[in-house]
Amino acid sequence: MCRIIYNPKYSLYNLGESHPFSPQRTEMLIELLKEWNILTEPIEPNAVLASDLEVIHDRNYINTVEKVSSGINVEDINKFGLGNADNPIFEGMAEGARYQVGGTVLGAKLLMENKANRILQLGGGFHHAHNNFAAGFCIYNDLSLAINEMVNFGWHVVYLDIDVHHGDGVQEMFYSHDYVMTISIHESGEFLFPGKGWVHELGQGSGRALKMNVPLEPFSEGSSYLEFLDKVLKPALSWFKPNALVVQAGADAHFADPLADNLLTTHDYENIFRQIIEFADKSCNGKVLFTLGGGYSSTATPRIWALLYLILNNLDIPEYLPKNWKNHWEQMLGKTIPNTLHDKLPAYEIIPRREEILKINKDVIRRLMDSVSQYWI
Ligand SMILES: [Zn+2]
């Protein structure tokens with residue numbers, strides 16, 4: 001059984017009407033699940049306290065976030081990554097962020113207390129938040145706090161990041177840690193924020209060869225992700241044998257995403273989600289915590305996360321979207337939403353360098369596995 005975590009207070013994390021990281025994406029998802037009559041009652045998390053964040057974040061940074069969020073003026077907010085276009089200051093920022101952290105931490109607790117095996121947290125995924133500065137729409141790093149709880153419990157954890165951007169904040173926090181393996185597949189930092197996540201970032205000290213990065217060429221397709229699942233994720237999980245898998249399930253590698261270039265379809269996402277769950281069943285007794293993350297196509301992201309919900313709950317995949325839902329959100333967005341849950345194929349025109357891109361990605365994967373396997377003994 002899959003437990004769902006959500007608190008309406010997550011919507012406090014609203015970076016502004018024209019900002020791509022909109023709470024509307026989750027609202028669309030929840031309304032879709034309600035329209036289908038399949039949404040099980042979510043467990044509502046409490047917000048973590050500001051002081052709870054000190055295991056992950058610098059105290060000065062936390063104080064700054066809390067102050068500016070309640071309207072108190074602080075000098076030099078730029079050095080904390082705040083007050084810019086990506087991370088504007090807004091009312092309720094700290095509270096909204098702490099509720100979302102609370103959700104991911106609650107997910108970790110439910111796994112540790114054996115209350116559930118599969119958890120879907122309908123929020124969180126703030127993988128770019130750093131120890132002492134905000135970045136890439138992220139303030140507090142919910143993932144790192146949740147993983148840290150599991151590590152303190154004595155667990156080994158694999159963090160898998162399929163968001164199209166490198167999971168730099170989480171990797172950085174556990175770079176030298178031998179209980180945490182981080183695996184990020186993303187569009188190469190040569191072309192996309194945050195400009196990191198190279199194959200040679202393998203971890204330090206006892207964390208060496210436990211940090212894995214697959215930087216993909218722009219316009220990478222599902223075939224490159226299948227290669228990754230088979231050649232990277234599967235052997236990594238069967239070698240590391242974690243107690244749990246934490247997945248940042250950003251939906252911004254979809255072909256319609258306006259902020260990145262990769263070309264996944266909903267069919268690819270279905271394959272990826274099914275394989276991740278199958279691997280978790282085999283390697284860690286099915287203990288898996290999914291969070292949301294990026295995903296900036298308002299017409300694709302809710303469909304991708306609905307697929308994740310359906311798969312985690314072993315439900316059939318409906319062919320069509322409910323008319324009421326589609327009509328309502330088409331009016332709200334001023335955009336056309338497809339009739340079907342899945343993308344219609346072919347979803348996009350065939351790209352010119354298709355074979356070459358797959359070959360480059362395969363080489364990246366081979367180099368990564370050559371690098372780590374000498375340590376995996
Ligand atoms: Zn992203």
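The structure displayed is predicted, hence computed values, not measured ones. Just so it is clear, the values below take in all heavy atoms, side chains as well, and ignore hydrogens, waters and symmetry mates. We count ligands from 1, going down the list as the structure has it; atoms in each ligand are counted the same way.
Counting only heavy atoms from C-beta outward, the side chains of Trp325 and Ile337 approach each other to under 4.5 Å. Between Ile139 and Tyr61 there is a side-chain heavy-atom pair separated by less than 4.5 Å.
The Zn ion (ligand 1) lies closest to atom OD1 when only the N/O/S atoms of Asp163 are considered. When the N, O or S atoms of His165 are ranked by distance to the Zn ion (ligand 1), ND1 comes first. The nearest N/O/S atom of Asp252 to the Zn ion (ligand 1) is OD2.
Tyr140 and His57 have tilted rings, their planes meeting at an angle from 30° to 60° on a 0 to 90° scale. Taking the six-membered ring for Trp and thresholds of 30 and 60 degrees, Phe193 and His165 have ring planes more than 60 degrees apart, a perpendicular arrangement.
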